[in-house]
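Remember, predicted model here, so these are calculated numbers, not experimental data. Both backbone and side-chain heavy atoms feed into the values below; hydrogens, waters and symmetry mates do not.
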Amino acid sequence: MPLSWNEIRSRAVAFSKEWEGACSESAEAKSFWDAFFSIFGITRRRIASFESPVKRSDEQGGFIDLLWKGNLLVEHKSRGKDLGRAAKQAFDYFPGIKERDLPRFVVVSDFARFRLYDLDEETTHEFPLEDLHRNIRLFGFIAGYQTRSFGHEDPVNVMAAEKLGLLHDQLKEEGYDSQSLEPFLVRMLFCLFAEDTAIFERSGLRDYVQKRTADDGSDLGMHLAGLFQTLNTAPDKRQANLDEQMAEFPYVNGRLFAEYLPLAAFNAKMRETLLDCCALDWSRISPAIFGSLFQSIMDKAARRNLGAHYTSETNILKALRPLFLDDLRDEYARCRNSVKKLRDFHAKLSRLRIFDPACGCGNFLVVAYRELRMLELDVLRTLHQKQETGFLNISELTLLDVDQFIGIEIEEFPAQIAQVALWLTDHQMNLRLSEEFGQYFVRLPLIKSPRIYHGNALDVDWREVAQPADVSYLVGNPPFVGAKFLNDTQREERNRTFHDTQNAGLLDYVSCWYRKAAEYMQESPRLRAALVSTNSITQGEQAGVLWPDLFRLGVRINFAHRTFQWNSEARGKAAVHCVIVGFALEDAPRKWIFEYETVKGEPHAVPATNINPYLVDAPDIVITNRGRALCDVPPIGIGNKPIDDGNYLFTPDERAEFIRLEPQSEPWFRRWLGSQEFLNGIERWCLWLGDCPPDQLRQMPYARKRVAAVRDFRLASKSAPTRKLAETPTRFHVENMPASAFLLVPKVSSERRHYIPIGFVEPSTLVSDLVFIVPGATLFHFGVLSSLLHNAWMRAVAGRLESRYRYSAQLVYNNFPWPETTATRMEAIVAAAQSVLDARAEFQDATMADLYDPVSMPRSLHDAHRALDRAVERAYRTQPFTNEPERVAFLLDRYRGLVKMN
C-alpha cells in the first residue's frame, strides 16, 4: 500500500540530508537510487534494474544506469557534471529499447540536482537536492499517485482497445471457449488497470508474467488462472506456501474473479501481446469511454472505426448537467459557508440513485459517478478547511459508492464492462481523494457493487430493478433504430409498449424508453429524467403520436437540447442528429432550451416558459396530418406515378435514339422532373402515351413494345391494384397534369439549405411523385412558401429522410398558418418574390442545388431572399423575429388560434 504524502515528504527531507555530500558516480549512485525508491516505500530491485545493456543510436553498446521498463530511465553523473550531456546520453539509448519498454519519464542527476522529463506531458522540471521534498509529488508515479484528467482525445484509449482486440483475436483463433472469452478479457482489463493505479504493486502483473512464465507462453494460462483464484481469495484463506510474488496480489472480491473459467492456452506470440498490453499506461484510460471501445473490439469491422463507437463525455454531460449536476453545484455554492449545511448536503449526495435503463457499457453512469465524486471532493475540502482539523482518516470521509448506480443492459458483456468501469472509476476517484488529503485510500476488497441488471429493458418491470421512490434521476442513451428498420422482435416490443396508442407503428424504437420512463414515474412524481434520442421524435408524424401519449401520463419537458450532431468524426460513420429531452411529471421552476447555431456548434442556453414537443418555447401543441389546407390557399398534390419499370423514362441520348428509330414518337415526349432533376438540372424525358390515339399508337411498333413491357411488369406484381392497372398500360397509376403553370416543391431536400428551392413549372412538363405540385399558385404563394418563416415551420414539423428535409403535404403545407394580410403587404410579398426569380435568372447555367448551396449562393439571390423574408414577416407582425425558435413559437401560437376559429 502506498505511503501517505506526509510520510513521503518526511522521508524526502531525510534523504536530502543523508545524501547532501555525495559525489561518486558508481556504487554510491546505486545506493542513492535504492534509497530514493525507498522514499516511496518501494523496493527498487523489484521493478527496476541497474546497468541494463543497450545499443545506442550510434550503434555502439552501452549500459543504462537504471531502467524501469515502460516507466523510468535514469542517467546518473558525478557531482557537477553537465546534466544536458547526461540527458543526451539518456535519449541516445531510446533506439535500442523495445517500444513497449520505452519510459515515460527520464531523470538525470548529479546527486546535487535533479532534472525530470515527462515525455507524455512534454514538461521538464529541474531543482536542487535540498528542494526534493517540495517537488516530491512530481515522482508520485513511483508510488502509484498520478492525477490525470481523463478524456476521449487521449490516444491511449484507442491503443488499449486495439491491443486487447488483438489478444481477443488470438485467443479466439486458438479456439478458446467463446462464452468465457469476454469475461476473461474483462478480468484482464481490471488487472491491467490495477497494476498502473496502485491496486497492485507497480508493474506487478507485468513483472510476474516476465519473471514467472515461460517465454513460449506454454504455462501462462495456468499462471493467470492461479492469479484469478488468488485475487478471489482472502489472505487468511490462502495457502501458506503460495508463491511469494503471487501472494503480494491483493484480495479483490466483488465476485469479479469468482466464476470458474476454462484454462486459456497461450503461445509465445500471445504472451508478447499480453506484455504489450502491460506496457501501456492504463492509468490514463477513461472508463467513461473505454468500455464502449472495448465492446467494439469484438467486431473486426467495427474496430476499423473505433472512434465511432463511444459516446463522448461532452455529450454525456449535456444530459447530466441540466438534469442534476448544475443544480447540485448551485446548492453546494449556497451552503459552503455553513458546516452543518455542508454535512447535510454531503449526506444528500450519498442518498442519490442514478438509473440508466439502457446503460450499455456504463458511460452515463461512470461520468455521473465521477462528477458526483468530484463534487464530494469539493465538499470535503471545504469542510476540512473550515474545521481546521489535522490528521483525517480518509477511508471514512467519502460517503458515495458504486451501489448508488443502477443499470439495465440487454447484452451480458457490456453489462460486465459497466460494472468494472464503475469500480475503476471508484478507484480513480479514491486516488484523487488520496492526492488531496495525503493518505493512500483503496477500497479493497470490493464490498459494494454497481447494480447492473442483465436483461431486456422493454421486457423487465423496472420496479423489480429499483423502486421508483428510491431513484433520484433516470438518464441514458437508448438504442437508435428507426421505425422502418426494426426487426420483428423490436417491432413486437414497440407495439407491446404502446399497446393503447394509435399509429404507434410510426414510432422509432427509442420512443419505448420514453413511455416506460413516464409509466415508471407515476409512483414517484419527483423523479426526473433525461434521454438522448434521434431528433425524429420531435418532428413529423412521430411528434404527433408520441407526445400526446406522454402528455396523457403527465409528462412535462423541463429542458431540451435542440438538434445537434452526435459523434461522427470516424471514417465512414454517418452523422447522427440528436436531441436531449429532460422531463418529469412536475414543472421545473426554471426551464432551459439549449440552442445550436449549427449542428456541430456549441450550445447556448435560453430560458423558456414552456417547452413543447418541437423543443421551442410555445404551448404544448402537436401537428397531425390534415387532409385539406387550414387556410384558403390552393390545394397541394403529388406528381405523376407511372409504375412502368422505367419503360417510359429516357435520358436525352436514349430519347434521341428512340426518335431516330421511330420519328413519329417525337410529339409524345415531354420533359420529366422529379426532385433530383429539378434540383440538379438533370434532363430526363417521358414518353406519355396516355393521350395518344389508338390509330397513331398502332403505327409505332417500338412504342408498343414499351407499352407491352409495362403491361407485363404490372401483371407480374404481387399487388392486386397494380395488376388491375395492366388493363390500361398507357396510363399512369397517379396522373396529375395541370393545364396551366404550377408550383413545384421537392419532397426531399438537403438539410444544409436555409431554403427549400421551389419553382414554377410549365404545363408541358410532367413531374414525378417525388415532388409536390400546387396548381393555381401565384407569386404570393411562391413568396410565402419560399420564406424563412415557412422553412422554419417545415424544419420544426416535417420529418426527415436520414438527415434531409422531407416535406409533407398533410403535415407542413396543410397545417401552415398563412398570414391574413392587406393588399399592400401582399403586393410587397409579390414584388419580393419576383426579385428572387429575377436573381435566379441571372445565373442561367447554375442549378438549383448550386444556387441554394449555403457556400455558393450568389449574393444577389441571398439579398433577394432576405428582402422576401422581411416582407413575409411584416405580413404577420411589425416586430422582427430574432431567431428560428421564435418564428416557430409564433407560428404554433397562430396555428392554435386558427384551429380554434375553425
Flag this pair as yes if the NZ/CZ of Arg671 is under 6.0 angstrom from the six-membered ring centre of Trp685 and inside a 45 degree cone about the axis; otherwise no. yes
Would you be so kind as to tabulate the donor-acceptor pairs closer than 3.5 Å made by side chains of residues 673-680, with sequence neighbours excluded?
unit_1, atom_1, unit_2, atom_2, d
Ser675, OG, Lys747, N, 3.4
Ser675, OG, Leu770, O, 2.6
Gln676, OE1, Asn680, ND2, 2.7
Glu677, OE1, Gly674, N, 2.8
Glu677, OE2, Arg684, NH1, 3.0
Asn680, ND2, Gln676, O, 3.4

On the 0 to 90° scale, with breaks at 30° and 60°, tag the Trp793-Phe816 ring pair as parallel, tilted or perpendicular. perpendicular
Is the distance between the ring centroids of Trp688 and Phe669 under 6.0 Å? no
Knowing that exactly one of Thr538, Val616, Asn535 qualifies, which makes a side chain to side chain contact (heavy atoms under 4.5 Å, CB included) with Arg562? Val616
For the NE2 atom of His781 and the CG atom of Leu785, what is their distance to the nearest 0.5 Å? 8.0 Å
Ignoring hydrogens and geometry, is there a side-chain-to-backbone donor-acceptor pair from Arg887 to Ala792 under 3.5 Å? no
Cut-off 3.5 Å, side chains only: do Ser749 and Tyr852 have a donor facing an acceptor? no
Less than 4.0 Å between a side-chain N and a carboxylate O, is that true for Asp500 and Arg552? yes
Taking the ring centre of each residue, are Phe760 and Phe742 less than 6.0 Å apart? no
Applying salt bridge (charged side-chain N to carboxylate O under 4.0 Å, His left out) as the test, list every pair that has at least one member in residues 831-854; sequence neighbours left out. Arg752-Asp853
Nearest heavy-atom pair of Trp672 and Ser768: which atoms, and what distance? CZ2-CB, 3.3 Å
